[in-house]
Every structure is written in structure tokens, then in C-alpha cells.
Amino acid sequence: MSSIFARIIAGEAPADIVYQDDRVTAFRDINPQAPVHILIVPNKEIPSVNEVTEADEAVLGHMLVVAKQLAQQEDIHKNGYRLIVNCGDHAGQEVYHLHIHLLGGRALGPMLQRRD
Ligand code: AMP
């Protein structure tokens, strides 16, 4: 069964799409954790980093180029931003369609929740 992201890419589910080409789609996260929270998703259905192969190298690189362009478009490139890729249960991955979170627009704090 297709993930919700596959349906968004196909135009079958609603989303605030900010960029789309033949390789990637980017849309605003439905539950934003920062003023700018965009998901950059390969159009090809790759469940997670665990399923990435060498054949995906070009699209994975393209996702970073799009992330940079969107950071400029959203005017967060000067102050800085964070890119996150969750993989699997311990990382809390919710949607098994590989994606990069682009987060910015405020100071984002420590990279990981402190345990002490
Ligand atoms: P992850 O935990 O890395 O798998 O992140 C999944 C992200 O997808 C979460 O931040 C969700 O808020 C977001 N999300 C889930 N469904 C949608 C949707 N229909 N449109 C936009 N973002 C979504």
C-alpha cells in the first residue's frame, strides 16, 4: 500500500507543495516543529535509508540541492537551519517513505534531547 507521501506526490492527497520536479517533491509538514518545516521527498518510493542503493545516489544528492534552494527561498539560509533524516523505530520514523526534514526560522537548540 502506498504511503501518504506517495499519494501527495501523485496529487491524490492534499498538501502545501512548495517545490516539485520529476525526481522530488517538497511540501510543508502538517505538524510543524519550527516556523519553517518542509519535507523533501523522493518521488520514487524508498521506505527508509535502510533501503537506499547506489542507484539512488543521484536523487539523494538532488534532495540536498533542493534543500539548499528551499532554505534560500524561505530566507533561513543566513541564520541557519537543520536537516534531519529519521530511520527506523529508535529515530521515531513515522512515515516509511524516505524524507529530509528542513527546519528553521528560530534557534533550534541542541541536536538531541538531553538524557540528564
Ligand atoms: P518522520 O517521523 O521522520 O517519519 O516524519 C514524518 C513527518 O510527516 C512528521 O513530521 C509528520 O508531521 C509529517 N506528516 C505526516 N502526514 C503528513 C501529511 N499528510 N502532510 C504533511 N506532513 C505530514
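In this text the structure is predicted, and so the values were computed from the model without any measurement. When a ligand or atom number is given, it counts from 1 through the structure's own listing order.
The pair Glu51-Lys44 does not meet the salt-bridge criterion, since no charged nitrogen lies less than 4.0 angstrom from a carboxylate oxygen.
The Phe27 neighbourhood of ligand 1 comprises atoms 21 (C), with distances under 4.0 Å to a heavy atom of that residue. Near Asn86, meaning under 4.0 Å from any of its heavy atoms, are these atoms of ligand 1: 1 (P), 2 (O), 3 (O). Ligand-side atoms of ligand 1 in range of Arg28: 21 (C), range being under 4.0 angstrom from any heavy atom. Residue Val95 has at least one heavy-atom neighbour below 4.0 Å for each of these atoms of ligand 1: 4 (O), 6 (C). For ligand 1 and Leu39, the ligand atoms under 4.0 Å from any heavy atom of the residue are 8 (O), 13 (C), 22 (N). Taking every heavy atom of Asn31 and a limit of under 4.0 angstrom, the matching atoms of ligand 1 come to 12 (O).
Closest protein heavy atom to atom 4 (O) of ligand 1: Glu94 N, 2.7 Å. Protein heavy atom nearest atom 23 (C) of ligand 1, with residue, atom name and distance: Ile30 CG2, 3.5 Å. Closest to atom 13 (C) of ligand 1 among all protein heavy atoms lies Asp29 OD2, 3.3 Å. Here the heavy atom of the protein found nearest to atom 1 (P) of ligand 1 is His99 NE2, 3.2 Å.
Note on ligand 1: Phe5 sits in its first shell, one or more heavy atoms being nearer than 4.0 Å. Note on ligand 1: Ala15 sits outside its first shell, no heavy atom being nearer than 4.0 Å. Look at His101 and you'll find a heavy atom under 4.0 Å from some atom of ligand 1.
Between the side chain of Glu45 and the main chain of Ala6, no donor-acceptor pair closer than 3.5 Å is present. In this structure, the side chain of Glu74 does not engage the main chain of Ile76 through any donor-acceptor pair within 3.5 Å. Remark: the backbone N or O of Thr53 is paired with a side-chain donor or acceptor of Asp56 at under 3.5 angstrom. A distance-only check finds a donor-acceptor pair linking the side chain of His37 to the backbone of Gln33 [under 3.5 Å]. Judged by distance alone, the side chain of Arg23 and the main-chain N or O of Leu60 form no donor-acceptor pair under 3.5 Å.
Of the N or O atoms in Ile4, none lie within a sub-3.5 Å distance of an N or O in ligand 1. Polar contact with ligand 1: absent for Gln93 (N/O pair, distance under 3.5 Å). Between Ile8 and ligand 1, no N or O atom pair is found at a separation short of 3.5 Å.
In Asp21, the CG atom is crowded: over 12 heavy atoms of neighbouring residues, nucleotides or ligands sit closer than 6.0 Å. Few gaps surround CG on Asp16; more than 12 heavy atoms of other groups in view lie less than 6.0 Å from it.
In this structure, Leu103 is not a member of the same hydrophobic cluster as Leu70, with clusters built from ILVMFWY side-chain heavy atoms closer than 4.5 Å.
Residues His101 and His99 bring their aromatic ring centres within 6.0 Å. Centroid-to-centroid, the aromatic rings of Phe5 and Phe27 come within less than 6.0 Å.
Here Tyr96 has no heavy atoms under 4.0 Å from ligand 1, in either its backbone or its side chain. With a heavy-atom cut-off of 4.0 Å, Val85 does not touch ligand 1 at all.
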